[in-house]
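The structure under discussion appears below in the form of structure tokens.
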Amino acid sequence: MTLSRPRREEMTEAKSARNAAAERYRPQAIEKKWQQKWLADGLYDTDLNAEQRFYLLTMLPYTSGDLHVGHWYPMAPSDAVARYHRMRGYEVFYPIGFDAFGLPAENAAIKQGIHPHKWTYANIDRMRRQLKSIGAMFDWNSEVITSDPEYYRWNQWFFLKFFEKGLAYRAMAPVNWCPSCQTVLANEQVLPNGTCERCGTPVVHRDLEQWFLKTTAYAEELLDFSKMDWPAQITTMQRNWIGRSDGVKVAFALDTPGVQQKEIPVFTTRPDTIFGVTFMVLAPEHPLVPQITTADREAEVEAYVERARKQTEIERLSIEREKTGVFTGGFCRNLLSGEDVPIWIADYALLWYGTGAVMGVPAHDQRDYEFAKKYGLPIPVVIAPPDWDGGQLQQSHVGPGTMVNSGQFDGLRNEEGKRAIAEFIEEKGWGKRTVSYRLRDYLISRQRYWGTPIPMVHCPKDGIVPVPEDQLPVLLPKDAEFKPTGDSPLARHEAFVNTTCPKCGGPAKRETDTMDTFMDSNWYFIRYLSPHYDRGPVDPELARRWLPVDQYTGGAEHAVMHLLYARFFWKAIRDMGLVEGAEPFLRLFNQGQILGPDGQRMSKSRGNVVAPDEQVEHYGADAFRLYLMFIGPWDQGGPFGLEGISGIERWLNRVWNLVQSEPSFAEDSSPELRHIIHKTIRRVTEDIEHFRFNTLIAALMEMTNEMTDLRDSGRVERQAWSEAVECLLLMLAPLAPHIAEELWERTDRPYSVHAQMWPLWDDGLAREEQLTLVVQVNGKVRDRIEVPAGIEEARAKELALASPSVRKHLDSANIQRVVYVPGKLVNFVVDASSG
RNA sequence: GCCGGGGUGGCGGAACGGUAGACGCCGCGGACUUAAAAUCCGCUGUCCGCAAGGGCGUGUGGGUUCGAAUCCCGCCCCCGGCACCA
């Protein structure tokens with residue numbers, strides 16, 4: 001027996017009566033309540049001894065002050081993933097911390113007269129409160145603040161280990177200097193237009209003694225991406241950044257009276273063009289330059305060197321590739337051709353790449369060609385292009401060809417010539433095959449206050465002496481005068497600077513530079529495991545059990561800095577036996593960047609920052625979390641506008657009312673409802689596994705829409721309805737944890753929804769039973785017919801043919817072909833005249 | 001210049017080579033209300049048509065295919081990265 005269907009009007013009345021009775025959804029009240037309860041119950045404290053482990057890491061925020069939507073955008077979805085994995089039965093470690101050292105703290109302090117320490121820790125308090133309002137399941141017991149001595153002590157400890165292994169060294173180098181920040185910058189911190197990433201000031205070059213980490217020692221291993229599952233976009237960027245090129249290092253003979261050096265080594269990827277060398281280019285800063293410059297060229301050469309040195313990056317770039325250079329008056333000899341080659345200097349030769357010297361082959365390199373054209377140097381062809389007429393080239397020929405004017409190598413294809421000449425050079429002992437990398441060592445010295453002091457002592461007798469481990473940490477003095485002068489503020493702090501030499505006990509001075517903050521982010525995820533452990537950077541047992549990180553999520557803007565440095569750091573400390581495994585982050589997902597409503601990067605200076613606090617106050621954290629996940633694919637980012645959030649708000653209200661409503665139950669089983677439940681579980685599970693939150697939420701919305709329709713039409717059976725409500729709440733739980741918990745309780749289910757297992761779908765129930773078969777004539781849709789899922793081909797064609805709207809377009813005599821795609825469509829192909 | 005990613009309604013966005021526009025927002029109409037808000041119901045790519053129905057539609061021009069937003073080739077625009085790397 002079935003209940004008679006109530007008329008629509010009656011339903012509406014009944015429903016509004018119920019709604020009036022039910023308490024309205026008030027996110028503010030329930031969110032606060034549950035956050036407090038979860039915290040009190042330690043619901044998210046991780047059991048680090050658990051068997052089924054999952055380490056989910058989201059990039060830690062910099063302590064800039066207020067959290068804005070840009071912080072929520074990465075965190076809300078990653079929290080959903082953490083909660084999902086928990087429901088899958090994993091003990092999930094999902095920690096958070098603060099990247100607390102760095103220039104902005106110091107600059108803000110200078111501007112506002114607040115001590116960086118005070119500024120930073122006040123910001124942390126505020127951010128911690130905001131982070132908690134997200135309702136994320138962060139394990140606050142693991143919190144790490146990188147400016148705490150108990151953290152940076154281990155930066156210093158690692159630095160000593162690197163020094164011991166020769167991976168940290170001090171060298172004089174031309175460095176990027178920001179005149180406004182009064183500190184050196186890593187290459188990565190200089191924008192493509194030659195300005196400082198932080199303040200936009202044009203960067204200049206300076207020669208300074210600086211500390212470096214030897215990232216290049218791991219260049220080759222860093223090119224191996226096979227042990228990790230990362231977006232190709234990032235691995236490609238890293239590969240290009242490391243920039244491996246295979247070539248030959250070959251000597252050109254130097255025979256200048258009074259100069260000790262008897263050869264100039266150059267690196268080339270094109271040994272096949274070596275017979276085409278008509279000049280040599282040294283970088284202006286090359287140490288040989290003063291030695292080989294002849295008296296008559298001296299003035300001009302010195303002027304050029306001086307100019308190159310003083311140029312800001314902007315000036316260098318603004319000259320827009322116009323090649324300039326000066327002849328030194330010196331010559332070297334091409335050992336293969338026996339020819340004398342004039343030595344020039346030009347700023348297109350870079351001191352730090354290869355050997356700082358370039359062999360000029362104008363016919364087969366565009367830069368050399370432009371240079372030769374400008375200075376009237378000969379341009380002999382040695383690789384004949386396929387259609388070469390034997391004459392002068394109108395531009396350089398970089399492609400393949402046949403070797404000519406190359407002595408014994410004439411007639412070879414240049415690819416073979418490459419190998420042959422390389423072998424010849426090696427046989428003669430003039431050079432050997434080499435690999436060059438674009439990657440440079442990582443400059444970590446900063447002449448600023450708010451960072452980790454580099455634990456070294458300069459002794460007049462013993463030179464550079466490391467601070468013994470048992471004297472760590474070298475504390476950052478609180479009372480420093482941190483106004484920038486170009487020296488580290490620590491240099492003027494007498495009590496800090498003056499110390500005794502650990503070796504000889506005599507008076508000595510401390511290193512006053514601090515470490516760049518990338519040092520902090522290199523290993524914070526390791527420290528999370530045991531943030532207060534004091535016998536090492538990490539409890540070795542926990543490290544063994546939890547590392548590497550299973551899933552890392554964060555912004556793609558860190559592709560070649562943090563994400564590359566952290567890999568380097570990991571490999572280095574792995575070789576010291578501190579961690580195990582090839583890579584620190586097994587899987588990586590990059591969310592996109594959220595922009596201001598104007599489509600520009602969100603920043604206080606642009607005034608386009610959207611603060612989540614008032615949105616949370618108004619719509620609730622759940623709605624705001626959902627909205628961030630709903631606006632589009634997570635990896636895409638984009639401008640942020642609040643236009644659509646009312647849709648989420650309404651949906652949550654509907655869920656609130658739907659779940660608490662009392663349907664008039666039917667007695668026959670509800671196959672439609674069961675199908676919807678299982679279909680939705682499948683979609684949602686697959687979506688969350690692939691971080692597709694927008695379509696996931698759409699699937700849940702469809703489910704609630706269909707539940708509403710079925711309920712209102714009286715076609716739900718008690719048991720199925722209960723299952724539907726339960727599954728809906730379980731799937732909602734990772735996304736909107738508060739409302740899910742509240743409704744879970746209100747429907748008399750045992751605390752906590754977040755301790756439940758994720759629902760599983762039944763394939764049989766998830767499968768569609770009715771299909772819409774599309775009927776086309778010549779590829780145009782003419783009808784749609786409902787058929788059972790298992791329909792046979794013949795029957796499907798028969799039904800399709802019977803459709804009146806199809807018949808109109810058919811002259812059955814002219815059917816040339818029938819395309820049938822099971823479960824999808826029937827397409828009648830007729831000849832054009834009758835179609 | 002080179003390497004990625006992208007271009008779909010008024011908007012955010014869906015769509016294993018097979019119903020283009022799921023799910024939402026906005027807008028319009030209706031119910032409820034003294035009224036408004038909230039809520040609920042319906043419509044909503046575009047053009048022709050009273051309708052039934054049909055034409056056109058995924059940056060652009062070609063191609064492959066019974067069938068293309070999806071695959072291939074050329075071009076335009078936007079976003080990100082790299083940019084004298086020998």
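In what follows, every chain begins at residue 1, and chains take the letters A, B, ... in the order their sequences are listed. Just so it is clear, the model here is predicted, and its values are computed rather than measured.
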Separation of atom CZ in A:Arg650 from atom P in B:rC25, rounded to whole Å: 5 Å

Nearest-angstrom distance, P atom, B:rA51 to B:rG5: 46 Å

Atom C1', compared across B:rC11 and B:rG27: separation rounded to whole Å: 11 Å

Atom pair distance, as rounded to whole Å: CZ in A:Arg24 and P in B:rA37: 15 Å

Under 4.0 angstrom between A:Thr695 side-chain N/O and B:rG24 OP1 or OP2: no

For atom CZ of A:Arg782 and atom C1' of B:rG18, their distance in whole Å: 16 Å

Along RNA chain B (nearest heavy atom to each residue), the more 5'-positioned of A:Gln636 and A:Trp651: A:Gln636

A:Arg654 side-chain N/O to B:rG24 phosphate OP1/OP2 under 4.0 Å: yes

Sugar-phosphate only, base, or nothing, as touched by A:Val781 at under 4.0 Å among non-hydrogen atoms: sugar-phosphate

Rounded P spacing from B:rU64 to B:rG12 in Å: 34 Å

Distance below 4.0 Å between A:Arg784 side-chain N/O and B:rU19 OP1 or OP2: no

Between P of B:rG12 and CG of A:Leu595, the distance in whole Å: 13 Å

side-chain N/O A:Asn694 vs B:rA14 OP1/OP2, d < 4.0 Å: yes

Sugar-phosphate, base or nothing in reach of A:Val358, heavy atoms under 4.0 Å: base

Position toward the 5' end of RNA chain B (nearest nucleotide), A:Gly637 or A:Ile645: A:Gly637

C1'-based separation of B:rG21 from B:rU46 [nearest Å]: 13 Å

Presence of A:Arg438 side-chain N/O under 4.0 Å of B:rA83 phosphate oxygens OP1/OP2: yes

Distance, P atom - from B:rC56 to B:rG4, rounded to whole angstrom: 37 Å

Proximal nucleotide (of B:rA86, B:rU19, B:rA22) relative to the A:Asp365 side chain: B:rA86

Step-by-step salt bridge (charged side-chain N to carboxylate O under 4.0 Å, His left out) determination, A:Lys797 to A:Glu793: CA-CA 6 Å; A:Lys797 287 179 179 171; A:Glu793 178 168 349; 2.8 Å; yes

Phosphate-side-chain proximity, A:Ser245 and B:rA86, N/O vs OP1/OP2 below 4.0 Å: yes

Sugar-phosphate, base or nothing in reach of A:Ser646, heavy atoms under 4.0 Å: sugar-phosphate

Cationic N near anionic O, under 4.0 Å, A:Arg683 to A:Glu702: yes

Centroid-centroid under 6.0 Å between A:Phe225 and A:Trp230 rings: no

Under 4.0 angstrom between A:Lys824 side-chain N/O and B:rA15 OP1 or OP2: no

Min side-chain heavy-atom separation A:Val826-A:Val806 under 4.5 Å: no

OP1 or OP2 of B:rA14 under 4.0 Å from side-chain N/O of A:Arg683: no

Selected nucleotide, minimal atom distance to A:Lys780 side chain, candidates B:rU19, B:rC23, B:rC56: B:rC56

Touch class at under 4.0 angstrom, heavy-atom based, for A:Ile631 against every strand present: sugar-phosphate

Sugar-phosphate, base or nothing in reach of A:Pro633, heavy atoms under 4.0 Å: sugar-phosphate

Gap in Å between the two C1' atoms, one belonging to B:rU8 and one to B:rA83, rounded: 33 Å

Aromatic ring proximity A:Phe630/A:Phe693, centre distance under 6.0 Å: no

P gap between B:rC16 and B:rG10, integer Å: 23 Å

Sugar-phosphate only, base, or nothing, as touched by A:Tyr437 at under 4.0 Å among non-hydrogen atoms: nothing

Base orientation of B:rG74, syn vs anti, 90° cut from 0: anti

B:rG49 versus B:rG55 - spacing of their C1' atoms, nearest Å: 11 Å

Worked verdict on A:Val830 versus A:Asn778 for side chain to side chain contact (heavy atoms under 4.5 Å, CB included): CA-CA 6 Å; A:Val830 299; A:Asn778 282 352; 3.6 Å; yes

Worked check of salt bridge (charged side-chain N to carboxylate O under 4.0 Å, His left out) between A:Arg244 and A:Glu220: CA-CA 8 Å; A:Arg244 177 188 160 122; A:Glu220 199 51 47; 2.7 Å; yes

Ion pair check, A:Arg692 and A:Asp687, cut-off under 4.0 Å: yes

Rounded distance in Å - CZ (A:Arg692) to C1' (B:rA14): 12 Å

Separation of atom CG in A:Asp635 from atom P in B:rC79, rounded to whole Å: 19 Å

d(CH2, A:Trp352; P, B:rA83) in whole Å: 8 Å

Nucleotide B:rC66, atom P - distance to CD of A:Gln776 in whole Å: 13 Å

A:Asn240 side-chain N/O to B:rG4 phosphate OP1/OP2 under 4.0 Å: no

